[in-house]
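Below is one structure; the comments refer to it alone.
This one's a predicted model, so the numbers in the text were calculated from it and none came from an experiment.
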Amino acid sequence: SAASDVYKRQGLTNVLLITDKPLVDLGIAKRVVDGIEVNGGQVVIYDGVLPDPTTVMVDAGVLQFNANNCNAVLALGGGSSIDTAKGVAAAATNGDIASLVGVMKVKNKVAPLFAIPTTSGTGSEVSVAAVISDAQTHAKGLMIDVGLVPSAIALDPSVMLGMPKFVTAATGMDALTHGIETYVST
């Protein structure tokens, strides 16, 4: 796959794939893993992502990243997976995720970060922000830094074709809403 070629060229061999259980159950994560492993890479899967990612999810991802000597992070999924991956990539090189919430608080370069979006509504794969909620207070925190933009993304329409109809409909409406918001907002 194109994504695995990017990893090889950059010398990245241990990838932490951040996704959710439904994408694992649908077999989509396996396709990504197979594409990386066939080219000599190793993949560890963190599939604990839930909607509205929390600091606990990011901490769990960082633990897997460190325990498996990963040297890259790959998000597979919608905005929650991508935001979790951004948090993991930043916290892996900068410490506690809670201290990174805010504007330009990421001091060290984030771990190499890549994304494969599976929905049409997020936009997180091209933005400088990630929304991470405090696990205790449930307050949403915004982490903003130019280093949070993935180094590369792979847009594969066949991945979106495998999504359940309600996910396709909901994320399509999300994309439409974002378009209308930009048109009517000044």
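- Side chains of N94 and K107 form a contact here, defined as non-hydrogen atoms less than 4.5 Å apart.
- Two residues are said to be in side-chain contact when any heavy atoms from C-beta on lie closer than 4.5 Å; V15 and Q42 fail this criterion.
- Contact check for T19 versus V49: no side-chain heavy atoms found under the 4.5 Å cut-off.
- With contacts defined as side-chain heavy-atom distances shorter than 4.5 Å, the pair I153/I116 does not qualify.
- For the pair V32 and L74, the minimum side-chain heavy-atom distance is below 4.5 Å.
- Taking the side chain as every heavy atom from C-beta outward, M57 and L50 approach each other to under 4.5 Å.
- In terms of the salt bridge (charged side-chain N to carboxylate O under 4.0 Å, His left out) criterion, residue partners of K140 (sequence neighbours excluded) are, by chain and number, D52.
- The shortest side-chain heavy-atom distance between I45 and V33 falls under the 4.5 Å cut-off.
- Between the side chain of N71 and the backbone N or O of N14 there is at least one donor-acceptor pair closer than 3.5 Å.
- A distance of 11.5 Å separates NZ of K105 from CG of D145, quoted to the nearest 0.5 Å.
- Within the 4.5 Å cutoff, the side chain of L17 has no heavy atoms near those of the Y46 side chain.
- Under the 3.5 Å distance criterion, with hydrogens and angles disregarded, a donor-acceptor pair is assigned to the side chains of S127 and K86.
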